[in-house]
Number of protein chains: 2
Amino acid sequence: MESIDTELAAKIRNDILVGNYDGGERLSEAQLCETHNVSRTPVRLALRLLEREGVIRRGEGRGYLVQSPSVEDIRQAVEVRGHLESLAARLMAQNPSRFDHLNNLKQAIEQIESAISELTKLGRLDDGITRQAQAANETFHSTILQACGNDYVGYTCEQISHLPMLAVGSMVFDRSVGDTPDHFERGMFRLRMGNAQHRVICDAIEKGDPVRAEGMMREHSHTMVEYIQTFEKQNESLTVADLIAYSTGHNEKKLP
Amino acid sequence: MESIDTELAAKIRNDILVGNYDGGERLSEAQLCETHNVSRTPVRLALRLLEREGVIRRGEGRGYLVQSPSVEDIRQAVEVRGHLESLAARLMAQNPSRFDHLNNLKQAIEQIESAISELTKLGRLDDGITRQAQAANETFHSTILQACGNDYVGYTCEQISHLPMLAVGSMVFDRSVGDTPDHFERGMFRLRMGNAQHRVICDAIEKGDPVRAEGMMREHSHTMVEYIQTFEKQNESLTVADLIAYSTGHNEKKLP
DNA sequence: ACAGGATCTTTAGGATCCCAAATCTGGGAA
DNA sequence: TTCCCAGATTTGGGATCCTAAAGATCCTGT
C-alpha cells in the first residue's frame with residue numbers, strides 16, 4: 001500500500017473521470033480535506049500529482065479547475081499510445097535480444113486462443129475468462145514495451161495510463177446492450193482478429209521485420225480507436241464513465 | 001514565477017543531470033532542506049515531482065535514490081519524442097484546419113533561412129543568431145504539435161521535455177572542439193539540411209500528404225539521434241552534462 | 001565471541017499553524 | 001446610482017510539530 005496521497009489522488013481522479021465533478025468546477029484544498037477526512041498535506045501532494053497528470057489545472061488566481069477529459073480526449077490518448085506501441089514493436093523487431101522474450105509473446109497468444117475457445121464453447125461472455133484473456137493481452141503488450149530496448153517508450157506510455165482504456169493491454173468488451181448473440185459474435189470476432197494480429201506481430205518480430213511489426217501494431221492499436229468511434233455512433237451521448245464500464249484493464253481496480 | 005517547489009525541483013533536477021550526485025546516491029529530505037534553505041514541505045512536493053519525472057526513484061525502505069539518466073537514456077528519449085513528432089506531422093497533414101497554421105511554419109522556415117545566411121556571411125557561430133534560429137525552430141516544431149489536433153501528442157512530449165535536448169525544438173550545435181572552420185561547415189550543413197527537411201514537411205502538410213509528412217519528420221527527428229551517436233564516437237566518455245552544453249533549448253534557462 | 005533482541009536514532013508521512021496574496025464585500029464619495 | 005477603495009475573509013504556500021516505522025547500535029545471554 002502506498003501512502004495516503006497516492007490513493008487520495010486515485011480517488012479524486014476517479015471522481016473526476018466518473019463525472020462526479022462538473023467540468024471546470026473549482027476544487028479547494030480545504031473542501032477535499034473535509035470530504036476525505038485527511039489533512040491538507042496529502043491533499044496538496046495529490047493535487048500536484050493530478051495537475052501533472054492533466055486532469056486538473058491551476059486556475060488564474062487560486063484554486064484548481066477540474067479538467068475532465070472528454071471521450072475525444074480518450075480517443076486521442078489511445079491514438080498516442082498506439083503510436084508508441086508501434087514504435088516499440090519496430091524497436092523490438094530490431095533488437096538482437098528479442099528472442100529472450102518471444103516465448104512470453106507466444107504464451108500470451110496461446111492463452112488468448114484458449115480463452116477464445118472456451119468462450120466460444122460457452123456461447124456467452126464469462127467474466128473470469130475475459131479476465132484471463134485481458135491478463136494475457138496485457139502480458140503481450142507490456143512484454144513488447146519492455147523488450148523493445150527503449151525504456152522511455154514504456155515510461156511515456158505510463159504517463160497517460162491513468163486514463164480509462166489506457167492501461168497497457170486494456171481490452172474492450174461491448175457490454176452496452178446486454179448479451180445479445182449478435183453482440184457476442186461481434187465481440188468474438190474482434191478477439192479472434194486481435195489475436196491474429198498478435199500472431200503477425202510476433203512473427204514479424206521473430207523474423208526481424210521492423211516495418212511489418214510496426215505496421216501491424218499500428219493497425220492493431222487502431223482497432224481500439226475504431227471501437228470508440230463505433231460506441232460514439234451507437235450512443236450519441238457517450239460519456240467517459242461509459243468507456244470505463246466497457247473497458248477492462250489493470251487500472252480498473254481504482255474504479256469501484 | 002512559480003512556487004518554490006517547482007524551482008526547487010528544477011534545481012535538484014539540474015544537480016542530478018549535471019552530475020552533482022553520484023548515480024544511486026540516497027538523498028534525504030532533511031539534507032535537501034539544509035542545502036536549499038527551505039522547509040520540508042516544498043522539498044517533499046519537489047521530490048514527488050521528480051519521482052514522477054523518473055530522475056529519482058523510491059528506495060526500498062526509505063529515502064530516494066537518484067536515477068541519473070545516461071547518454072543512452074537521452075538518446076532513447078529523443079527517439080521517442082521524434083516518433084511522437086512524426087505522428088503529429090501525419091495528423092496535421094490530415095487535419096482540415098491545418099491551413100490556419102501553415103503561415104507559422106513558413107515564417108519559421110524563412111527565419112531559419114535568414115539566420116543561415118547571416119551565419120554564412122559571418123563565417124562563425126554567433127550566439128545571438130543561433131538563438132534566433134533556435135527560437136524559429138521551436139516555433140516550427142511546437143506549431144506542428146499544437147496544430148495536429150491531438151492534444152495528447154504535445155502533452156506526452158512535455159512529459160519528457162525536462163531532460164536535456166528534449167525541449168521541443170531544441171537544436172544542437174557542436175561546440176566540443178572550438179570554432180574550427182571544419183566544424184563550422186558541418187554545423188552549417190546540418191542547419192541547411194534541417195531546414196530543407198522543414199520545407200518538405202511543410203509542403204507535405206500543405207498538400208495533405210500524411211505519409212510523406214510523417215516520413216520526413218521521422219527522418220528529420222532522426223538527425224538528433226545521429227548527432228548524439230556522432231558525439232559518442234568523437235568522445236568516448238561523453239556525459240549528459242556535455243550534451244547539455246551542446247544543446248540549445250528553452251529549458252536551458254534552468255541550467256546555470 | 002557471537003547471535004539475537006531491545007533500544008536508540010534517523011527519517012518520512014501526516015497534522016497543524018502561520019502568513020501572504022487574492023477575492024469578496026461593504027461603505028463612502030462623486 | 002455607480003464606482004472605487006479599504007477591510008474582511010477565503011485560500012494556498014511554507015514552516016513546524018508529532019508520530020510511526022525502518023535502520024543502526026548496543027547490550028545481554030549463551
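Numbers restart at 1 for each chain; the letters A, B, ... are given by sequence-line order, proteins then strands.
- Proximity of the aromatic rings of A:H83 and A:H222 is defined here by a centroid distance below 6.0 angstrom, and this criterion is not met.
- Regarding B:L32, its CG atom lies at a distance of 15 Å from the P atom of D:dG14, rounded to whole Å.
- Rounded to an integer number of Å, the gap from B:Q31 CD to C:dT10 P is 14 Å.
- In this structure, the CD atom of B:E29 is 5 Å from the P atom of C:dG13, given to the nearest Å.
- For B:R44 and D:dG14, a side-chain-to-base donor-acceptor distance below 3.5 Å is absent, hydrogens and geometry of angles not being considered.
- Backbone-only contact: B:S28 has heavy atoms under 4.0 Å from sugar-phosphate atoms and none from a base.
- Residues B:R57 and B:E51 are not paired through a salt bridge, judged by the lack of any N-O separation under 4.0 Å between the basic side chain and the carboxylate.
- One finds no side-chain N or O of B:S39 lying less than 4.0 angstrom from the OP1 or OP2 phosphate oxygen of D:dG14.
- At least one donor-acceptor pair under 3.5 Å links the side chain of A:Y155 to the backbone N or O of B:E53.
- Judged by atom type and distance alone, A:R58 does not reach the base of D:dG12 through any side-chain donor-acceptor pair under 3.5 Å.
- Distance, B:H36 NE2 to D:dG14 C1': 16 Å, rounded to whole Å.
- Look at CD on B:E34: it is 13 Å from P on D:dT16, rounded to the nearest Å.
- Put simply, CG on B:L65 is 14 Å from P on C:dT11, counting in whole angstrom units.
- Each of A:Q146, A:R81, A:E85 was scored for a side-chain hydrogen bond (donor to acceptor under 3.5 Å, both in side chains) with A:H141, with one residue passing: A:E85.
- For A:R48, a side-chain nitrogen or oxygen approaches OP1 or OP2 of D:dG13 to under 4.0 Å.
- At whole-Å resolution of the value, CD1 in A:I4 and P in C:dG14 are 5 Å apart.
- Distance B:R40 CZ to C:dT11 P: 11 Å, rounded to the nearest Å.
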